[in-house]
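Reckoned from all heavy atoms, side chains included, excluding hydrogens, waters and symmetry mates. Fair warning: this is a prediction, and the values are worked out from it, not measured in the lab.
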Protein chains: 2
Amino acid sequence: MKIGVLGSGVVGQAIASALIEKGHSVMLGSRTARNEKTDLWVKENGARALQGRFADAAAYGELLFVALKGEHALDVIRGLDAAQTEGKTIVDITNPLDFSKGMPPQILEGLGNSTSLGEQVQALLPGSRVVKTLNTVNYKLMVNPVAVNGGDHNLFLCGDDADAKMQVKKLLADNFGWKPDLLIDLGSIQSARAIEAIVPFWVLIYRSLNSPLFNFKIVH
Amino acid sequence: MKIGVLGSGVVGQAIASALIEKGHSVMLGSRTARNEKTDLWVKENGARALQGRFADAAAYGELLFVALKGEHALDVIRGLDAAQTEGKTIVDITNPLDFSKGMPPQILEGLGNSTSLGEQVQALLPGSRVVKTLNTVNYKLMVNPVAVNGGDHNLFLCGDDADAKMQVKKLLADNFGWKPDLLIDLGSIQSARAIEAIVPFWVLIYRSLNSPLFNFKIVH
């Protein structure tokens with residue numbers, strides 16, 4: 001499958017490399033058509049690794065990942081041609097974190113409580129099918145859940161389109177090894193508010209354990 | 001020990017009854033010196049069960065629980081004589097939830113992100129030692145953690161006073177059965193922001209499971 005990954009930081013690269021390993025062709029999108037970092041990534045990941053501007057990656061992928069820093073995410077999304085994302089599933093991993101006021105981070109002004117990045121991405125690209133997920137785990141765990149507790153922990157997702165959520169569940173299971181029955185559907189994209197809001201708490205746990213390799217397991 | 005519980009709803013009553021069962025004397029505080037609900041509670045809980053106004057319970061207890069609705073909590077705390085809480089450990093269970101705008105609840109205006117109920121209670125009663133905890137589990141689980149997964153799940157606490165946190169850990173272990181090594185200290189009372197912020201997420205999980213009898217277990 002042709003997949004576009006918007007964001008060439010550690011998260012975007014981890015996602016993109018894992019997808020290439022599974023046989024997908026991936027375009028890593030960044031601000032510039034190419035740069036030192038994406039050049040290196042392409043070189044290391046072989047023939048199915050492509051690079052381009054954010055808009056190029058959005059046009060290229062049949063399915064998209066959004067792995068941008070929260071503070072830049074909506075500017076990048078506004079810069080896309082919404083028609084290029086029509087009908088496409090978008091996996092939104094962004095977190096609206098503001099680290100400028102110390103630890104734990106706050107939620108970026110205007111992006112907590114009554115809205116969320118997930119909802120805003122969906123609103124800016126109304127023809128797409130946004131699924132919020134993966135934002136509650138470290139990037140190493142996103143693509144290799146078995147690294148913690150044998151993979152026995154939960155990932156949460158939400159979105160307005162049931163088919164897109166099914167597609168993303170299958171993608172997470174087939175490519176990254178998430179156990180399908182441990183993926184918890186929390187409803188419409190509005191639930192992104194609550195899913196994004198737990199990330200400052202995640203940061204406190206990280207600080208307490210002194211390791212990002214942990215996750216939440218719901219026991220009942 | 002003499003304990004004051006501020007709040008006579010299901011949470012306050014569950015805490016108070018469990019403490020009486022363990023041999024403590026408990027005054028349940030409410031708006032009125034007595035009412036039908038607290039009369040009944042006193043009748044059902046024997047000689048060590050007392051009732052009074054919020055201020056009476058605050059004066060009575062050597063240690064206090066605050067189990068008020070988030071929307072009323074700070075008004076009640078402002079109504080106390082701060083001198084009566086001097087040096088006392090206060091276990092704050094409150095959640096700043098606003099259910100008026102639909103589900104999941106939002107965080108009450110002005111009580112998210114850059115402050116929290118925990119911090120506000122500490123600021124209003126500066127001589128006391130506030131420990132935020134228990135607010136992330138259902139009231140039945142608060143006093144009986146073994147009801148879920150044999151008690152193998154986590155509870156979080158924070159506060160500025162290390163001795164008070166030790167005291168609360170011991171109290172939770174000795175009276176309610178929380179396993180000490182599953183109690184995670186997340187730092188100063190400022191961490192109440194993040195701990196309170198996960199409750200809308202808790203509500204989504206509750207909705208998904210259709211049961212409040214669950215908890216988070218950190219796996220690593």
Side-chain angles (χ1 to χ4, degrees), chain A residues 96-98 101-116 136 138 141 145 147-154 156-158 184-188 190-220, chain B residues 96-98 101-116 136 138 141 145 147-154 156-158 184-188 190-220:
Chain A
L97 298 181
D98 178 358
K101 290 160 190 164
M103 291 289 279
Q106 296 190 13
I107 299 292
L108 283 168
E109 187 82 24
L111 280 173
N113 221 6
S114 61
T115 188
S116 60
T136 56
N138 176 263
L141 213 51
V148 163
N149 203 37
D152 186 17
H153 43 80
N154 295 110
F156 311 98
L157 74 164
C158 70
I184 302 182
D185 183 348
L186 292 179
S188 75
Q190 196 193 295
S191 297
R193 294 175 197 180
I195 299 178
E196 294 174 9
I198 69 170
V199 178
F201 178 75
W202 184 96
V203 173
L204 290 182
I205 304 285
Y206 172 20
R207 192 173 69 178
S208 164
L209 294 175
N210 204 24
S211 163
L213 291 179
F214 68 88
N215 197 10
F216 306 111
K217 179 170 158 59
I218 308 295
V219 294
H220 53 99
Chain B
L97 297 180
D98 177 359
K101 290 158 189 166
M103 290 291 275
Q106 296 190 14
I107 298 292
L108 283 168
E109 188 82 22
L111 280 173
N113 221 8
S114 61
T115 188
S116 59
T136 57
N138 175 262
L141 213 50
V148 163
N149 203 36
D152 186 17
H153 44 80
N154 295 109
F156 311 98
L157 74 164
C158 71
I184 302 182
D185 183 347
L186 293 178
S188 75
Q190 195 193 295
S191 296
R193 294 174 197 182
I195 299 177
E196 294 174 9
I198 69 170
V199 178
F201 178 76
W202 184 98
V203 174
L204 289 184
I205 303 285
Y206 172 22
R207 192 173 67 176
S208 164
L209 295 175
N210 205 23
S211 164
L213 291 178
F214 68 89
N215 197 9
F216 306 111
K217 178 171 158 59
I218 308 295
V219 294
H220 53 100

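For chain B, no part of A:D98 is nearby; none of its heavy atoms comes within less than 4.5 Å.
A donor-acceptor contact shorter than 3.5 Å links the side chain of B:N113 to the backbone of A:I107.
Per-residue counts of heavy-atom pairs under 4.5 Å with chain B were compared for A:P200, A:G187, A:S114, A:P104; the largest is that of A:S114. Per-residue counts of heavy-atom pairs under 4.5 Å with chain A were compared for B:V148, B:I198, B:I184; the largest is that of B:I198. Ranked by non-hydrogen atom pairs under 4.5 Å with chain A, the options B:V199, B:L186, B:N154 are led by B:L186. For chain A, the option among B:Q106, B:K101, B:H153, B:Q190 with the highest count of heavy-atom pairs below 4.5 Å is B:Q106.
Within residues 213-220 of chain A, the residues having any heavy atom under 4.5 Å from a heavy atom of chain B are, by residue number, A:L213, A:F214, A:N215, A:F216, A:K217, A:I218, A:V219, A:H220.
Atom CG of residue A:L204 and atom OG of residue B:S191 lie 4.5 Å apart, to the nearest 0.5 angstrom.
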### Message
Before you tell me yes or no, could you show the steps for B:F201 and A:F201 under ring-ring contact (aromatic ring centres under 6.0 Å, His included), namely the whole-Å CA-CA distance, both residues' side-chain angles and the distance that decides it to 0.1 Å?
### Response
CA-CA 11 Å; B:F201 178 76; A:F201 178 75; 9.2 Å; no
